[in-house]
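Taking it in order: structure first as structure tokens, then the write-up.
The figures that follow rest on heavy atoms only: side chains count, while hydrogens, waters and symmetry mates do not. Being a predicted model, the structure only gives us computed values, none of them experimental.
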Amino acid sequence: MFSIPGKQAVSITDRAAAQISKLMNDKGHSGLRIGLKKGGCAGMEYTMEYVDEADPNDEVVEQDGARVLIAPMAQMFLFGTEIDYETSLLESGFKFNNPNVSDACGCGESINFKDVSELTAERSA
């Protein structure tokens, strides 16, 4: 929907691709859908869910056995995002390095995005 020919909607680091591929193999699903929902103190939260079939309007990104599907309503806000997977002594999880975020809460669980007109102008430049 919001793709640029020849450019993937999101990029996936090697660590994230390995973790997504492992999850898909362990859980027996064919992909991981990423989306957004209203919530948190900054206004929006990322969602992740296992899927067995792509929606016809999903943007599909595949890399090294990892298959990420981007929900249609999230595509504009996730375009250009790098998906990483980090592990530390206290926690591990996916990290979204998203250039479209204008603000995030202190804990990093919720985000707010640039104005839609800004996102559209950046993509057409």
Exercise. Check whether any side-chain heavy atom of Asp84 sits under 4.5 Å from a side-chain heavy atom of Phe94, and report yes or no.
Key: no
Cut-off 3.5 Å, no hydrogens considered: what does the side-chain donor-acceptor table look like for residues 20-28, sequence neighbours left out?
from, atom 1, to, atom 2, distance (Å)
Lys22, NZ, Asp26, OD2, 2.8
Asn25, ND2, Ser21, O, 3.3

Quiz item: So how far is it from Tyr46 OH to Leu36 CG, rounded to the nearest 0.5 Å?
Solution: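 Here the rounded value is 7.0 Å.
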Measure across [X] and [Y] and return the closest heavy-atom pair with its distance rounded to 0.1 Å.
| X | Y | answer |
| --- | --- | --- |
| Ala66 | Ala17 | CB-O, 3.5 Å |
| His29 | Asp52 | ND1-OD1, 2.8 Å |
| Asn97 | Pro99 | O-CD, 3.7 Å |

Quiz item: Knowing that exactly one of Ile12, Ile34, Ile70, Val10 qualifies, which makes a side chain to side chain contact (heavy atoms under 4.5 Å, CB included) with Thr81?
Solution: Val10
Practice problem: Using side chain to side chain contact (heavy atoms under 4.5 Å, CB included) as the criterion, point out the one residue from Asp14, Thr13, Val68 that pairs with Gln63. | Solution: Asp14
In chain order, what residues pass the side chain to side chain donor-acceptor pair (under 3.5 Å) check against [X], with sequence neighbours excluded?
| X | result |
| --- | --- |
| Thr47 | none |
| Glu86 | none |
| Asp55 | none |

Quiz item: Got a sec, which residues hit side chain to side chain contact (heavy atoms under 4.5 Å, CB included) with Ala54, two or more places apart in sequence or on another chain?
Solution: Asp58, Val60, Arg67, Leu69
Quiz item: For Ser11, what residues pass the side chain to side chain contact (heavy atoms under 4.5 Å, CB included) criterion, not counting sequence neighbours?
Solution: Glu82
Quiz prompt | Path from Met48 to Leu78 over hydrophobic side-chain contacts below 4.5 Å | solution =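 Yes, Met48 connects to Leu78 through the hydrophobic network.
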Self-check item: Side-chain donor-acceptor pair present, Ser92, Tyr85, cut-off under 3.5 Å
Solution: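 On atom types as modelled, these side chains qualify, holding a pair under 3.5 Å.
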Quiz item: Between the side chain of Asn100 and the main-chain N/O of Phe77, is any donor-acceptor distance below 3.5 Å?
Solution: yes
